[in-house]
Amino acid sequence: RVAAIEMLIKRFVSHYDKKCQIVSLGGGYDTLLFRLHDPFLPFVSSLGHGLAASLFVDLDYPETCRNKAAIIRNRSELASVIFRDLSVDSTDKSPTIETAHYILQPMDLTNRQAMEDFLATGKVDVTLPTLFLSECVLIYINPDAVNPTLQYLQSQFTNSCIIVPLNIHFIKCCINTRFHYLKQIR
């Protein structure tokens with residue numbers, strides 16, 4: 001599963017010459033962003049500098065974001081990927097991180113209004129090609145609770161696709177979200 005997802009991401013990022021963004025929906029403590037920046041991985045070295053020109057957005061529950069932010073701020077090898085040359089306050093307890101290429105944003109995926117409010121800030125460019133990634137979280141959320149948010153995202157990001165392994169309910173809900181792209185990049 002991990003290799004297949006990374007292959008799709010590589011093709012997506014390469015196809016758009018890094019002028020794209022990835023939005024992780026409920027990724028928890030997934031290390032994808034850091035793996036994409038590891039110059040020793042063949043997957044990254046073939047992309048040059050990984051996702052340096054792209055935006056990576058992590059949306060997750062507040063407590064998960066708070067813990068993840070603390071881990072990032074207190075581990076120099078992780079902080080260097082996120083903050084690059086910016087100074088890092090390891091005592092900062094905020095669950096949010098925002099840099100030019102990374103956003104960690106607390107978000108309840110069942111709260112459409114919170115998603116609307118977040119997108120209204122303009123921090124994420126809805127016109128850029130966007131790859132949504134939801135590896136597991138959606139299988140734990142009632143489709144009736146999350147579908148309004150997902151449908152809203154679909155309406156806002158007209159040039160997007162999604163990777164959702166093993167989640168039939170979501171695929172039924174968002175069938176028009178350019179799934180043909182995944183067929184084209186095989």
Side-chain angles (χ1 to χ4, degrees), residues 1-13 20-37 43 51 54-73 78 81-82 94-99 101-121 123-126 128-157 159-179 181-182:
R1 184 190 85 201
V2 171
I5 289 170
E6 288 181 355
M7 182 266 311
L8 289 171
I9 290 170
K10 175 183 176 181
R11 290 184 179 182
F12 182 85
V13 172
C20 59
Q21 55 200 358
I22 297 172
V23 178
S24 175
L25 302 172
Y29 301 103
D30 183 48
T31 59
L32 174 65
L33 173 68
F34 303 103
R35 293 192 317 272
L36 295 176
H37 280 81
F43 162 68
L51 298 174
S54 297
L55 176 64
F56 193 101
V57 180
D58 263 330
L59 303 175
D60 214 323
Y61 283 118
E63 192 57 32
T64 303
C65 288
R66 186 176 331 284
N67 292 336
K68 187 170 185 174
I71 292 166
I72 291 169
R73 288 184 181 108
L78 302 179
V81 171
I82 301 299
S94 169
T96 303
I97 294 177
E98 292 179 17
T99 68
H101 65 280
Y102 179 72
I103 296 173
L104 175 63
Q105 178 67 39
M107 179 70 57
D108 177 349
L109 297 176
T110 65
N111 186 338
R112 177 186 166 143
Q113 187 59 54
M115 184 66 74
E116 288 182 27
D117 294 346
F118 173 64
L119 291 184
T121 66
K123 295 174 185 174
V124 178
D125 184 348
V126 298
L128 275 180
T130 303
L131 176 68
F132 288 94
L133 175 62
S134 179
E135 291 191 57
C136 294
V137 72
L138 295 178
I139 64 174
Y140 300 108
I141 301 175
N142 181 326
D144 293 333
V146 75
N147 280 352
T149 302
L150 299 175
Q151 290 165 346
Y152 174 73
L153 289 173
Q154 179 184 2
S155 73
Q156 298 302 299
F157 291 86
N159 189 11
S160 66
C161 62
I162 187 163
I163 299 174
V164 185
L166 307 171
N167 194 329
I168 301 306
H169 296 294
F170 181 72
I171 291 171
K172 289 178 184 175
C173 144
C174 293
I175 199 70
N176 295 322
T177 311
R178 296 195 59 196
F179 281 99
Y181 179 81
L182 295 177

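The structure displayed is predicted, hence computed values, not measured ones.
The nearest pair of heavy atoms linking Ala145 to Pro148 is O-CD, 3.7 Å. Minimum heavy-atom separation, Ala69 to Ser94: CB-O, 3.5 Å. When all heavy atoms of Pro106 and Pro62 are compared, the pair lying nearest together is CB-CA, 3.8 Å.
With hydrogens and angles ignored, the 3.5 Å screen pairs a side-chain donor or acceptor of Thr99 with a backbone N or O of Tyr102. Judged by distance alone, with hydrogens and angles left aside, the side-chain atoms of Ser54 form a donor-acceptor pair with the main-chain N or O of Cys20 at under 3.5 Å. A donor-acceptor pair is defined here as one N or O able to donate and one able to accept, closer than 3.5 Å; no such pair exists between the side chain of Gln105 and the backbone of Asp60. Under a 3.5 Å cut-off, the side chain of Thr149 and the backbone N or O of Arg112 do form a donor-acceptor pair.
For the atom pair Gln154 CD and Gln156 CD, the distance stands at 11.0 Å (nearest 0.5 Å). To the nearest 0.5 angstrom, Leu59 atom CG is 12.0 Å from Thr64 atom OG1. For the atom pair Ile141 CD1 and Leu109 CG, the distance stands at 5.0 Å (nearest 0.5 Å). Interatomic distance, Met7 CE to Phe12 CZ, rounded to the nearest 0.5 Å: 14.0 Å. Atom OH of Tyr29 and atom CG of Asn67 lie 3.5 Å apart (nearest 0.5 Å). Here the straight-line distance linking atom CG of Leu25 with atom CG of Leu153 works out to 6.5 Å at 0.5 Å rounding.
Using a 4.5 Å heavy-atom cutoff, the side chains of Arg66 and Tyr61 are not in contact. For the pair Val57/Ile22, no side-chain contact is recorded, criterion being any heavy-atom separation below 4.5 Å from C-beta on. Taking the side chain as every heavy atom from C-beta outward, Tyr140 and Val146 never approach each other to under 4.5 Å. Between Leu138 and Leu150 there is a side-chain heavy-atom pair separated by less than 4.5 Å. A 4.5 Å side-chain heavy-atom check between Leu32 and Leu133 finds at least one atom pair inside the cut-off. Annotation: side chain of Val23 is not in contact with side chain of Phe56 (no heavy-atom distance under 4.5 Å). Residues Leu33 and Ile82 form a side-chain contact, since some pair of their non-hydrogen atoms from C-beta on lies under 4.5 Å apart.
Remark: of the listed residues Met115, Met107, Gln113, Gln113 is the sole one forming a side-chain contact (heavy atoms from CB on, under 4.5 Å) with Asn111. Of the options Asp58, Leu104, Ile103, a side-chain contact (heavy atoms from CB on, under 4.5 Å) to Ile97 is made by Leu104 and by none of the others.
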Subject >> Step-by-step side-chain contact (heavy atoms from CB on, under 4.5 Å) determination, Leu128 to Phe157 >> reply: CA-CA 8 Å; Leu128 275 180; Phe157 291 86; over 6 Å; no

